[in-house]
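Written out below as structure tokens is the structure these notes cover.
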Protein chains: 2
Amino acid sequence: MARPKSEQVRQAILDAAHQLFMEKGYTATTIGAIARQAGTAQSNVYVYFQSKFDIGFAVFDPWMRQKVTELEEKVGSVSDPQDRLHTLVEGLLHGIASDPSGQTMTLVQVLATVKPSDEYDPELLMWTLERIREMIGDILPGASPAEHDVLTQALMLSFDGIALRQNLRREEVSDDHGISAMLTLMKPYLDREKPAAKVAEAG
Amino acid sequence: MARPKSEQVRQAILDAAHQLFMEKGYTATTIGAIARQAGTAQSNVYVYFQSKFDIGFAVFDPWMRQKVTELEEKVGSVSDPQDRLHTLVEGLLHGIASDPSGQTMTLVQVLATVKPSDEYDPELLMWTLERIREMIGDILPGASPAEHDVLTQALMLSFDGIALRQNLRREEVSDDHGISAMLTLMKPYLDREKPAAKVAEAG
DNA sequence: TGTCAATAGCGAATGTCATTCGTTCAAAAA
DNA sequence: TTTTTGAACGAATGACATTCGCTATTGACA
């Protein structure tokens, strides 16, 4: 009832935040700057979002879903299993986790500065895990579900690790070694129908 | 020359910071609180440390070295290679990365809030990498140096990933799957002298 | 078509921090 | 002793996220 929130204003705030996060990072972006860029009052931002944390997540969430969806298409368009795996790992760890536009930095800075009052919903994490498990299942139909889980978990863990390092943006701390390491660790699964390791308690 | 800095004061600040970081986390701990707890003036803290970042790192660094050293001893005391690998991965990822005292949260929050003016020195990271590579070399003498690198990089990446998630402290986001996944991925290296994967570009 | 009540929108606070300033005073060097 | 350097300190500064009190709009209802 009464005066409704404007979808335009909401989107303007998200767009402004998105652009500023890319330019300066989440921490260095102020609510005042977001409001100015969005053409509204600083205090009005709080009519649309509960907190800066909220904005950060609202910006990252659709970006991440978009990227993962694109990756699914890309992986789907490759036929050779070895190339598919390479595309998946490379795309996830290089293309998304160490994405140069800085969206991943947003995620890290958002997650690292959660306050108890911020409500973190792991739904995006679960959704992403699901997509990756599915892609891995497609690439390695011979492996067991437990093995799919193992590879999925390891990939997501690496994703988070690379994201954290990305935040440092130091030449000395390159991601390349880590990425090729994960690729190497996963490769053996391509070569067998029933891999040696059935230890997987993951599930 | 002139009045020298007091090692006592410096240590008091570090101790106070250490305790408060464990209790409330890095972000939620204020310089004022550290000073009060250390029995000195807030401004005097800046005589001993350049910034809050500096303090965070000065607290984390010796803790991490201690933990890694303990892990080396623990791994060294185990004889069976399979148990050694298990001890290493479990100790690194469970014992250190998801350490409940909150030191890892300190690391994550410190790294995630670096400002350009903060001088991050990757020396601790390099030192840790070196120790882990050495342990892996001991456990898998049959593997090539390139393979040692691969496993080291993958382990450190997982370490960072688990540390980031640890910061969320949510039941839904457990580390166990990720840890056992890494263990599973590494196990095959125990069973062969010359593993299939020689793809390792890492080095 | 007019009135009411809810609430978007806004400018000016608040409150919390890290960090800096200006001054004082202890101790090393002369 | 005297001088000089810099530790110690209380009081600013300057950034921010977030809240407050008020005004203006707009949907619902008469």
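This is a predicted model, so every value here is computed, not measured. Sequence lines set the chain letters: A, B, ... in the order given, protein chains first and strands last, and positions in each chain run from 1.
- When distances run from any side-chain atom of B:Pro4 to the nucleotides C:dA8, D:dT26, C:dA28, the shortest one goes to C:dA28.
- At a threshold of 4.5 Å between non-hydrogen side-chain atoms, the residues B:Phe49 and B:Arg10 count as touching.
- Side-chain atoms of B:Gln11 and B:Asp15 form a donor-acceptor pair, as typed in the model, at a separation below 3.5 Å.
- Between the OH atom of B:Tyr48 and the P atom of D:dG6 there is a distance of 13 Å, given to the nearest Å.
- In terms of heavy atoms, B:Ile34 sits closest to B:Ala17 at CD1-CB, 4.0 Å.
- Remark: of the listed residues A:Val108, A:Thr104, A:Ile162, A:Val108 is the sole one forming a side chain to side chain contact (heavy atoms under 4.5 Å, CB included) with A:Asn167.
- As a whole-Å value, the separation of B:Arg3 CZ from D:dT3 C1' is 17 Å.
- Comment: B:Glu73 does not engage B:Arg131 in a salt bridge, judged by the lack of any side-chain N to carboxylate O separation of less than 4.0 angstrom.
- Residues from residues 7-23 of chain A lying near DNA chain C, meaning a heavy-atom separation below 4.0 Å, are A:Val9 in numerical order.
- At distances below 3.5 Å, not a single donor-acceptor pair connects side-chain atoms of A:His94 with backbone N or O atoms of A:Asp176.
- Remark: the backbone N or O of A:Ala58 is not paired with any side-chain donor or acceptor of A:Asp61 at under 3.5 angstrom.
- The distance between atom CZ of B:Phe49 and atom P of D:dA7, rounded to the nearest whole Å, is 13 Å.
- For A:Asn44 and D:dG21, the CG to C1' distance is 15 Å, given to the nearest whole Å.
- Here the side chain of B:Asp99 pairs a donor or acceptor atom with the backbone of B:Gly102 at under 3.5 angstrom.
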Identify each atom pair where a protein N or O and an N or O of nucleotides 18-21 of chain C are less than 3.5 Å apart, giving names and distance.
residue : atom : partner  : partner atom : Å
C:dA18  : OP1  : B:Thr29  : O            : 3.3
C:dA18  : OP1  : B:Lys52  : NZ           : 3.0
C:dA18  : OP2  : B:Ile31  : N            : 2.7
C:dT19  : OP1  : B:Lys115 : NZ           : 2.8
C:dT19  : OP2  : B:Tyr46  : OH           : 2.7
C:dT19  : OP2  : B:Lys52  : N            : 2.9
C:dT19  : O5'  : B:Tyr46  : OH           : 3.4
C:dT19  : O4   : B:Gln42  : NE2          : 3.3

